[in-house]
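Basis for what follows: all heavy atoms, side chains included, without hydrogens, waters or symmetry-related copies. All of these numbers come straight from a predicted model, not from anything done at the bench.
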Amino acid sequence: MSEPMIWMLVRGTGETLLMTFLSGFFGFVIGLPTGIFLFMTRKGQIMENSFLNTAASVLVNIFRSIPFIILIVWMIPFTRAIVGTSIGVKAALVPLSVGAAPFIARMIENSLLEVPHGLIEAARAMGATPMQIVRKVLLPEALPSIINSAAITLIALVGYSAMGGAVGAGGLGQIGYQYGYVGYDFVVMNVVLVLLVIIVFIIQTAGDFLAAKTDHRK
Amino acid sequence: MIELQQVSKTFHKKNGGVTALDNVSFTVGKGNIFGVIGASGAGKSTLIRCVNLLERPGSGKVIVDGKNLPDLSSSELARSRREMGMIFQHFNLLSSRTVYENIALPLELDKTPVSQIKTRVDELLALVGLEEKRNDFPSNLSGGQKQRVAIARALAARPKILLCDEATSALDPATTSSILSLLKNINRKFGITILLITHEMDVIKAICDEVAVISDGKLIEKGRVGDIFSNPSSPVTREFITSSHDVAVPFELEQVLTESSNGTDYPLVKLRFTGKLNAGTVFSETSRLFEVDNEIVAANMDYAQGIKFGVILILVKGTQENVQQAIEYYKSNNIQTEVLGYV
């Protein structure tokens with residue numbers, strides 16, 4: 001493999017990591033409050049409101065139903081409006097974040113559902129406000145499970161970002177697509193795969209480690 | 001301190017409503033320990049949860065420290081709830097927080113300065129005897145230790161009232177009694193009013209001043225613990241007392257027990273004392289009056305607020321005539337007397 005090729009792979013890896021973590025971050029910025037909202041307005045929870053819950057739930061489901069590859073295209077006008085372009089890493093961040101958010105919201109909702117109801121009850125009995133219950137009880141108690149969800153989400157985003165590569169998002173996906181699918185360079189394609197596998201393994205291992213570290217249930 | 005007036009609560013299920021509380025009224029005086037006893041499903045959990053409005057009553061008043069809680073705004077209610085500590089059957093400690101941090105939680109919610117939190121938590125750790133466990137997580141504690149942490153947490157904000165929801169039901173007997181004596185100690189030391197619910201008569205007997213019996217959502221009996229034990233008026237109450245104090249015929253005796261007398265054997269008699277008389281002297285009385293010997297086989301007697309009650313199994317030995325007279329004497333003294341057979 002030539003030196004420029006190696007540098008290209010290094011840059012591609014950097015771009016993939018950047019897209020994965022940045023869109024993961026923005027996805028959480030949108031998904032976390034949405035997930036908390038979905039949980040809090042559920043039946044039997046402290047801010048029970050079936051209308052708002054159903055509305056949020058429908059919205060989340062709609063976004064989750066759109067295949068990612070179509071979401072990228074569908075969102076082009078919106079992406080242009082926000083970042084000024086529809087190609088490259090910056091442009092990929094918008095659909096990646098929007099695509100990850102509803103997924104993250106559902107993950108967060110599920111993590112919060114695992115928190116024993118008695119803890120919420122105890123906090124209410126102490127006179128905690130809903131905001132305090134979220135900050136002091138729900139999020140810290142659900143943290144190990146949220147970290148696990150974050151690892152799953154980031155791994156899904158590695159895959160999504162590679163998909164984005166096929167339509168000009170850059171990163172390892174684009175290299176793999178161009179040199180592998182289009183040019184049929186066997187070596188490059190496999191190196192790309194190995195790099196993706198390594199990224200996924202590192203994320204999963206780190207996630208498992210952090211989840212275990214924060215879990216004091218056993 | 002706590003007054004419930006005609007509190008009712010119905011849960012709506014698919015197949016109609018379930019009445020959990022039906023016109024329940026009672027008053028708990030300041031500094032008292034008030035126990036509510038009932039079988040599972042009797043509505044006692046709903047009752048205690050209505051006192052701090054974890055459950056909103058369908059109708060009626062819940063007056064705590066002069067304020068009717070259902071009338072309060074949510075911020076006023078939060079303030080009132082901080083005057084009430086609560087402990088639970090399953091402790092409900094946060095697994096993500098150490099013992100110290102769990103106890104500090106109510107103070108954090110109150111935005112207490114960190115230095116004050118530290119002083120207060122140290123005090124409480126000493127009170128419940130867990131100074132050495134301050135940095136442990138709840139998962140490393142035994143059930144009794146967890147409940148001690150929960151008690152410390154409930155007391156952190158210096159409440160006037162402590163609500164105990166089946167606080168000892170998940171604990172073994174030895175731990176139960178140590179938790180109960182801690183509660184009694186707290187009540188004496190700080191004058192905290194305690195409202196507890198339980199299904200165990202032993203808990204009521206051990207620490208309560210007053211007791212209320214709840215069955216099918218209705219309050220069927222209430223009064224001072226000694227009075228209820230000595231003179232239960234409803235069958236449900238009697239059942240609770242009986243079930244907490246019973247004796248079984250020992251296996252060896254059961255093998256040789258015959259239904260009727262052959263003239264040379266002695267009756268095995270079960271005496272149930274409900275506290276109306278001085279149980280301690282009936283045996284010497286019958287010995288003196290009828291020349292019989294009372295051989296005690298098994299007994300389960302107890303003492304609450306000056307009242308002795310329980311059950312004793314005896315063999316009454318003597319001539320057939322004297323034995324008969326002794327049994328009649330027990331009956332005439334208001335002791336529930338039952339001849340189980342002859343040995």
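Using a 3.5 Å distance cut-off with no hydrogens or angles, the side chains of R42(A) and S50(A) do not pair a donor with an acceptor. Counted by atom type alone, Q5(B) and E3(B) present one or more donor-acceptor pairs between their side chains at under 3.5 Å. Of the N and O atoms on the side chains of R106(A) and N61(A), at least one donor lies less than 3.5 Å from an acceptor on the other residue. A donor-acceptor contact closer than 3.5 angstrom links the side chains of T175(B) and D172(B).
Contacts from residues 137-151 of chain A to chain B, taken as heavy-atom pairs separated by less than 4.5 Å, involve V137(A), P140(A), E141(A) in sequence order.
The residue among G118(A), P116(A), A123(A) with the most heavy atom pairs within less than 4.5 Å of chain B is G118(A). Considering only heavy-atom pairs separated by less than 4.5 Å from chain A, the leading option among M84(B), R49(B), E83(B) is R49(B). The most heavy-atom pairs under 4.5 Å with chain A, out of R97(B), R79(B), R82(B), R153(B), come from R82(B). Each of L53(B), N52(B), L93(B), L77(B) has some count of heavy-atom pairs under 4.5 Å with chain A, and the biggest count is that of L93(B). Comparing P138(B), S95(B), P159(B) by how many heavy-atom pairs each has under 4.5 Å with chain A, the most go to S95(B).
Aromatic pair F103(A)/F63(A): centroids not less than 6.0 angstrom apart.
Side-chain atoms of S23(A) do not come within 3.5 Å of backbone N or O of L96(A) as any donor-acceptor pair.
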Between F91(B) and L171(B), is the side chain to side chain contact (heavy atoms under 4.5 Å, CB included) condition met? List the steps.
CA-CA 11 Å; F91(B) 325 119; L171(B) 305 174; 3.9 Å; yes
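The shortest side-chain heavy-atom distance between I179(B) and I151(B) falls under the 4.5 Å cut-off.
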